[in-house]
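This report concerns only the one structure given below.
In what follows, every chain begins at residue 1, and chains take the letters A, B, ... in the order their sequences are listed.
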2 protein chains.
Amino acid sequence: MSSPEFCIADNNHNVEHPAEETVPPVLGQRSTRQRKLIYDILKSSNDHLSVEDLYRRARDIDSRVSLSTVYRTISLLKEASLVDELIFEDDRRCYEFKRGNGYQHHHIRCLSCGNIIEFQTDYARRLRDKVAEEMGFSVESLKIDVAGYCEACATR
Amino acid sequence: MSSPEFCIADNNHNVEHPAEETVPPVLGQRSTRQRKLIYDILKSSNDHLSVEDLYRRARDIDSRVSLSTVYRTISLLKEASLVDELIFEDDRRCYEFKRGNGYQHHHIRCLSCGNIIEFQTDYARRLRDKVAEEMGFSVESLKIDVAGYCEACATR
DNA sequence: GTATGTGCAAACGGTTTGCAGTCTG
DNA sequence: CAGACTGCAAACCGTTTGCACATAC
């Protein structure tokens, strides 16, 4: 069931999230209430959050957060390589917290229910190697996006 | 050099482009000057054209084309599955004419010079099969986007 | 002749920015 | 206390749309 060529990833990372670990990242110079909040939401979420999601969740916790700040903070987090930005065909842009190096994954999206499943595959690594080897290309990122209909939606 | 796992694709399709072949696609009902022009430009180009590129090229040939028409025509061509839309990380949206079924390919982008190289890989098919098999997922599209620095840019 | 397509300019929606006020270190 | 950060509203920019006119069939 779980082969190196393809396996569904376990993306349930936030089993425990110690409150002290809530230390803000070294982004910019100042650790503000807003940045901590946004950082924490991203870190403790398994989902792929849009800016709007993030904004809504932040406001639910603390109304003193503006949309601009969400944008600005995401931008900093991207720059610091702490979050990854995903751009799907439908133009949705989502953000996910970057887990440790070991956790490289890709996405399968259901075009009907919008659900996103993460998977891992050794093909990615092999392809990376091939591209480097045969073209002298220095690979920075390799993303695989699979879209279609999940079993539930397809049979309905 | 050319293995099923990875090979650079030959995307030089427009070796000859017979003028008669300029028959417009069955998009909408009417075959207009503008639609023919846009269609032809896309068809005869190997590149991945942005809307702006397309607009500029069209105007160079015939100034009586508006940006709205370019957008509307692209939209029709997408719907008719005659062109593919590519959305890269940097938010660039490009369009490429869809070649015959046999020609499935993916993209390698140089983050420095912006060049895009097409490649083919059997891994895509295998992955597709795995996803279908193990998840009962009906795959509509599988896109691989490799970004990094090409040999020339990396050594510079 | 009629419905479809086009050009133009205005509207749209997500993202960015300028600025005055606030807060961190 | 200075400089960094925030909220707000305005600007931006690629894309879409409404409408009057043009054109294909």
Side-chain angles (χ1 to χ4, degrees), chain A residues 22-42 48-80 82-96 114, chain B residues 22-42 48-80 82-96 114:
Chain A
T22 306
V23 185
V26 236
L27 38 78
Q29 287 77 21
R30 310 244 157 130
S31 167
T32 65
R33 194 180 63 250
Q34 292 90 334
R35 288 184 179 179
K36 278 183 238 178
L37 180 55
I38 293 164
Y39 176 80
D40 284 346
I41 293 172
L42 272 165
H48 306 86
L49 303 175
S50 67
V51 170
E52 207 50 49
D53 292 336
L54 205 42
Y55 179 51
R56 206 163 327 124
R57 290 200 197 183
R59 281 197 96 96
D60 285 350
I61 298 169
D62 179 346
S63 66
R64 294 167 301 170
V65 179
S66 73
L67 190 53
S68 323
T69 297
V70 174
Y71 275 111
R72 286 192 268 232
T73 305
I74 286 178
S75 169
L76 286 169
L77 290 166
K78 264 198 296 181
E79 219 159 310
L82 289 165
V83 309
D84 245 351
E85 182 178 50
L86 309 170
I87 304 180
F88 299 120
E89 315 310 281
D90 48 4
D91 239 344
R92 272 193 304 165
R93 285 204 225 182
C94 294
Y95 301 89
E96 62 178 19
Chain B
T22 305
V23 185
V26 235
L27 37 79
Q29 285 77 19
R30 310 240 161 133
S31 167
T32 65
R33 194 180 64 248
Q34 292 90 334
R35 288 184 178 177
K36 279 184 239 177
L37 179 55
I38 294 165
Y39 176 82
D40 283 347
I41 292 172
L42 272 165
H48 306 85
L49 303 174
S50 68
V51 170
E52 206 51 46
D53 292 335
L54 205 41
Y55 179 50
R56 205 162 330 121
R57 290 201 196 182
R59 280 197 96 96
D60 284 350
I61 298 169
D62 179 347
S63 66
R64 294 166 302 170
V65 178
S66 73
L67 191 53
S68 324
T69 297
V70 175
Y71 276 110
R72 286 191 269 233
T73 305
I74 285 178
S75 170
L76 287 169
L77 290 166
K78 263 198 295 185
E79 219 159 310
L82 289 166
V83 310
D84 246 351
E85 182 178 51
L86 308 170
I87 304 181
F88 299 120
E89 315 309 280
D90 48 3
D91 238 343
R92 270 192 305 163
R93 284 205 225 183
C94 294
Y95 301 88
E96 61 178 19

Go through the structure and list residues passing side-chain hydrogen bond (donor to acceptor under 3.5 Å, both in side chains) with B/Ser68, not counting sequence neighbours.
-> none
Would you indicate, yes or no, if D/dG7 has its OP1 or OP2 atom less than 4.0 angstrom from a side-chain nitrogen or oxygen of A/Gln34?
-> yes
Closest heavy-atom contact between A/Leu86 and A/His48?
-> CD1-CD2, 3.5 Å
Decide yes or no on side chain to side chain contact (heavy atoms under 4.5 Å, CB included) for A/Leu76 and A/Arg35, but give the supporting numbers first.
-> CA-CA 10 Å; A/Leu76 286 169; A/Arg35 288 184 179 179; 3.5 Å; yes
Residues that A/Ser50 engages under side-chain hydrogen bond (donor to acceptor under 3.5 Å, both in side chains), provided they are two or more places apart = A/Asp53
Gap between atoms CG and C1', on A/Leu76 and C/dT17 respectively (whole Å) = 15 Å
Decide yes or no on side chain to side chain contact (heavy atoms under 4.5 Å, CB included) for A/Leu54 and A/Thr73, but give the supporting numbers first.
-> CA-CA 11 Å; A/Leu54 205 42; A/Thr73 305; over 6 Å; no
Please write out the pairs of protein N or O atoms and N or O atoms of nucleotides 21-23 of chain C separated by less than 3.5 Å, giving the distance to one decimal.
none

Qualifying residues under salt bridge (Lys or Arg N to Asp or Glu O under 4.0 Å), relative to A/Arg57, sequence neighbours excluded = A/Asp47
Those residues that, when tested against B/Arg93, pass salt bridge (Lys or Arg N to Asp or Glu O under 4.0 Å) (two or more places apart) | A/Asp91, B/Glu85
Nucleotide of C/dG5, D/dG7, C/dG7 approaching B/Arg35 most closely (side-chain heavy atoms) | C/dG5
Does A/Gln34 have any side chain to side chain contact (heavy atoms under 4.5 Å, CB included) partners at least two apart in sequence or in another chain, and if so, which?
-> A/Thr32, A/Val65, A/Thr69
Any pair counted as salt bridge (charged side-chain N to carboxylate O under 4.0 Å, His left out), so long as it reaches residues 62-73 of chain A, sequence neighbours left out | A/Arg33-A/Asp62, A/Asp62-A/Arg64
Does A/Tyr71 have any side chain to side chain contact (heavy atoms under 4.5 Å, CB included) partners at least two apart in sequence or in another chain, and if so, which?
-> A/Val51, A/Leu67
From CG of B/Asp62 across to P of C/dT6 the rounded distance in Å is 12 Å
When rounded to whole Å, the OH to P distance for the pair A/Tyr55 and D/dT6 reads 14 Å
Can you list the residues that meet the salt bridge (Lys or Arg N to Asp or Glu O under 4.0 Å) rule with A/Arg59, with sequence neighbours excluded?
-> none
B/Leu77 CG to C/dG5 P: how many Å, rounded?
-> 13 Å
Specify the angle, to 10°, made by the local axes at the two ends of the helix from C/dG1-D/dC25 to C/dG25-D/dC1 when five pairs are taken at each end.
-> 30°
Just the atom pairs and distances: protein N or O near nucleotides 13-16 of chain C's N or O, under 3.5 Å.
unit_1	atom_1	unit_2	atom_2	d
C/dT15	OP2	A/Tyr71	OH	2.2
C/dT15	O5'	A/Tyr71	OH	3.1

Whole Å only: how far is the CZ atom of B/Arg59 from the C1' atom of C/dT6?
-> 12 Å
Rounded to whole angstrom units, what separation is found between the CG atom of B/Leu37 and the P atom of C/dG5?
-> 17 Å
